[in-house]
Number of protein chains: 2
Amino acid sequence: MFVILRTNTMFKTPITGKQKKMARYAKAMGHPVRMYVLELLSKQSCCYSGDLTEELPIAKSTLSQHLKELKEAGLIQGEIEAPKIRYCLNRENWKEAQILFEAIFDM
Amino acid sequence: MFVILRTNTMFKTPITGKQKKMARYAKAMGHPVRMYVLELLSKQSCCYSGDLTEELPIAKSTLSQHLKELKEAGLIQGEIEAPKIRYCLNRENWKEAQILFEAIFDM
DNA sequence: ATTATAGTTCGTTGTTAGACGAACGACGAA
DNA sequence: TTCGTCGTTCGTCTAACAACGAACTATAAT
């Protein structure tokens, strides 16, 4: 018989998967430019990288990096409409983030 | 007559103070240990550094650094009860953070 | 006075983040 | 085909981050 011990006692880490997940989302949101993008996308269905480049006072390569970070955190996704890329929220993960923050803020 | 132009057109930054504030809170929440602390404190009135040291698999000096980051972001505060320090949420800023996250998640 | 407890600060190390311009790749238009 | 547009990747630089142990500070207990 195998008893798979995955309790916190065993590994001495009380930090839950939810907390790790939430920290990941928070980390992605922890930069003003990325906050700007997320807020914009939460209010409209999509936006294009080029539009953001014009609005934000950063190099387009920097914007690419920020968008990449948001993609890797799972909060946004991009769809190619050659030659442009259209970005939108990943609704599933956005919902998950909402639920996690909701829980900690007791809302 | 002085006209103080502080519009976004003038300085070409559309990023609002709220977004910056929110990014600051998110940045502080963007580490699992700090997430753990905040969640614990949101559920109970206070905790002691020493208790956290025993619960978390990190050096106490590392914990001090994390607590310092949360203090500097304004999310927690410490009160000396020699020889211990009692930490609790900064209710005002916690509320502010709640409101900001509430707004972006449309809750 | 010394010792013990509790927690912070310091210094170090290695990693990551965020900024940029240049080079690049993927298209569509001419 | 070349050229232009669009956005990404690369390389570089500097700063920030997160880990640790040791030294330090502030107390209370002996």
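Note that the coordinates shown come from a computational prediction; the quantities given were computed from them, not determined experimentally. Just so we're on the same page: letters track the sequence lines, and every chain starts at 1.
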Q. A/Glu79 versus A/Cys88: any side-chain heavy-atom pair under 4.5 Å?
A. no
Q.
Test your reading of the model: is there a side-chain donor-acceptor pair from B/Arg34 to the backbone of B/Ala28, 3.5 Å cut-off?
A. yes
Q: Can you see which heavy atom on A/Asn90 is nearest to which on A/Gly74, and at what distance?
A: CB-O, 3.2 Å
Q. Chain A on DNA chain D: first and last contacting nucleotide, 5' to 3', under 4.0 Å to a heavy atom?
A. D/dC6 to D/dG11
**Q.** Basic-acidic side-chain contact under 4.0 Å: A/Arg24, A/Glu69
**A.** yes
Q. In residues 26-44 of chain B, which ones come under 4.0 Å of DNA chain D, going by heavy atoms?
A. B/Lys27, B/His31, B/Arg34
Q. Between atom CG in A/Leu56 and atom C1' in C/dC20, what is the gap in whole Å?
A. 16 Å
Residues 44-51 of chain B side chain polar contacts: donor-acceptor under 3.5 Å, at least two apart:
unit_1	atom_1	unit_2	atom_2	d
B/Gln44	NE2	B/Cys46	O	2.8
B/Tyr48	OH	B/Glu81	OE1	3.1

Q. OP1 or OP2 of C/dT8 sitting under 4.0 Å from any side-chain N/O of B/Tyr87?
A. yes
Q: Using a 4.0 Å heavy-atom cut-off, write out nucleotides 25-30 of chain C from 5' to 3' as B (base contacted by protein), S (sugar-phosphate only) or - (no contact).
A: --S---
Q. Tell me, do A/Val37 and A/His66 make a side-chain contact under 4.5 Å, heavy atoms counted?
A. no
For residues 96-104 of chain B, dump all side-chain donor-acceptor pairs below 3.5 Å to protein atoms at least two apart in sequence or in another chain.
unit_1	atom_1	unit_2	atom_2	d
B/Glu96	OE1	B/Lys21	NZ	3.4
B/Glu96	OE1	B/Tyr25	OH	2.4
B/Glu96	OE2	B/Lys21	NZ	3.3

Q: Output the distance between atom CG (B/Leu67) and atom CG (B/Leu52), rounded to the nearest 0.5 Å.
A: 6.5 Å
**Q.** Rounded distance (Å) that lies between atom P of C/dA17 and atom CD1 of A/Ile58
**A.** 16 Å
Q) Hey, does A/Met29 have a side-chain heavy atom less than 4.5 Å from the side chain of B/Met22? A) yes
Q.
Tell me if a side-chain donor or acceptor on A/Gln19 pairs with a main-chain N or O of A/Thr16 at a distance below 3.5 Å.
A. yes
Q) With a 4.5 Å limit on heavy-atom distance, are the side chains of A/Tyr36 and A/Glu55 in contact? A) yes
Q) Stepwise, does the side-chain contact (heavy atoms from CB on, under 4.5 Å) test hold for A/Leu38 with A/Leu70? A) CA-CA 9 Å; A/Leu38 289 172; A/Leu70 288 172; 3.8 Å; yes
(Q) What's the separation between atom CZ in A/Arg91 and atom CG in A/Leu41, rounded to the nearest 0.5 Å? (A) 8.5 Å
Q: Please work out which residues in residues 60-72 of chain B have a non-hydrogen atom less than 4.0 Å from an atom of DNA chain D and list them by number.
A: B/Ser61, B/Thr62, B/Gln65, B/His66
